[in-house]
Amino acid sequence: MSAHPTLGFVLHDVARLLRKRFEQRAKCLGLTRSQWQTLAYLANNEGIHQGGLAEILEVEPITLVRILDKLAERGLVERRQHPADRRVWLLYMRDEALPLLAQMRVIGEATRGEALDGVCAEQREQLFQILSLIR
């Protein structure tokens, strides 16, 4: 094995460390990582059906059902029946989730700021351009 880590390894490790640091900062919110990820993605995809959100989150639908049950119990999300298909449930944020989302955004900004500390604006822009190109 090479002495230098691969691009995939570095990207995965940086993402892992960012998630871990966010989790440390967000512990006070009383949410699991899967719960805050679900809220974050739902905030940008309101009205999506459960299967679609599971696909975005890359989790099994049954796993998402359990996460949504917990979030619904806390009054943060609600399921509404699809108007044309009774088998399909559409997902929406509740107003009670908005302050929590605002706190999550502040924690996310602080985490990203900490991660990019010492990286000048020009390097940040170049990093984002290169990662966008790779994506």
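No side-chain donor-acceptor contact under 3.5 Å links E73 to the backbone of K70.
Defined by atom type and a distance below 3.5 Å, a donor-acceptor pair is present between the side-chain atoms of E125 and Q129.
Contact detail for I107 and A26: the closest heavy-atom pair is CD1-CA, 3.8 Å. Annotation for Q50 and V65: closest pair NE2-CG2, 3.7 Å, computed over non-hydrogen atoms. Summarising the geometry of L101 relative to A43, their closest heavy-atom pair is CD1-CB, 3.8 Å, with the distance given to 0.1 Å. Here the closest non-hydrogen pair linking A54 and P61 is CB-CA, 4.0 Å. Listed here is the closest heavy atom pair of L71 and T38: CD1-CG2, 3.9 Å. Scanning all heavy atoms of the two residues, the minimum distance from A115 to L18 falls at CB-CD2, 3.5 Å.
From Q37, atom CD reaches atom OG of S34 across 7.0 Å, with rounding to the nearest 0.5 Å. How far CZ of R94 is from CG of L76: 8.5 Å, rounded to the nearest 0.5 Å. From Q35, atom CD reaches atom CG of L29 across 11.0 Å, with rounding to the nearest 0.5 Å. The structure places OG1 of T111 at 13.5 Å from NZ of K20, a figure rounded to the nearest 0.5 Å. Atoms CD and CD1, on Q123 and I130 in that order, are 10.5 Å from each other to the nearest 0.5 Å. Atom CG in L31 sits 5.0 Å away from atom CG in L100 (nearest 0.5 Å).
For Q81, the CD atom is densely surrounded, since the number of other residues' heavy atoms within 6.0 Å is greater than 12. Within a 6.0 Å sphere centred on CG of D95, other residues, nucleotides and ligands contribute 12 heavy atoms or fewer.
Identified under the ring pair (Phe, Tyr, Trp, His ring centres under 6.0 Å) test for residues 72-102, with sequence neighbours left out: none. Within the structure, every pair that satisfies the ring pair (Phe, Tyr, Trp, His ring centres under 6.0 Å) test and touches residues 8-28, not counting sequence neighbours, is listed here: F22-W36.
Residues passing the side chain to side chain contact (heavy atoms under 4.5 Å, CB included) test with E60 are I62, T63, sequence neighbours excluded. Checked against side chain to side chain donor-acceptor pair (under 3.5 Å), R19 has no partners two or more places apart in sequence or in another chain. Residues passing the salt bridge (Lys or Arg N to Asp or Glu O under 4.0 Å) test with R16 are D13, sequence neighbours excluded.
Counting only heavy atoms from C-beta outward, the side chains of T6 and L11 never approach each other to under 4.5 Å. Annotation: side chain of R112 is not in contact with side chain of R21 (no heavy-atom distance under 4.5 Å). At a threshold of 4.5 Å between non-hydrogen side-chain atoms, the residues L90 and I48 do not count as touching. For the pair M93 and L39, the minimum side-chain heavy-atom distance is below 4.5 Å.
Cluster membership check: I56 does not share its hydrophobic cluster with V88, using side-chain heavy-atom separations under 4.5 Å among Ile, Leu, Val, Met, Phe, Trp and Tyr. Using a 4.5 Å cut-off between side-chain heavy atoms of Ile, Leu, Val, Met, Phe, Trp and Tyr, with links allowed through other members, I134 and F128 fall into the same hydrophobic cluster. Cluster annotation: L7 and V14 are assigned to distinct hydrophobic clusters (Ile/Leu/Val/Met/Phe/Trp/Tyr, side-chain heavy-atom contacts under 4.5 Å, transitive).
Under a 4.0 Å N-O distance rule, the pair R80/E46 does not qualify as a salt bridge. In summary, R79 and D69 engage in a salt bridge, as defined by a charged side-chain N under 4.0 Å from a carboxylate O.
By the 4.5 Å side-chain criterion applied to Ile, Leu, Val, Met, Phe, Trp and Tyr, V106 is assigned to no cluster and stands alone.
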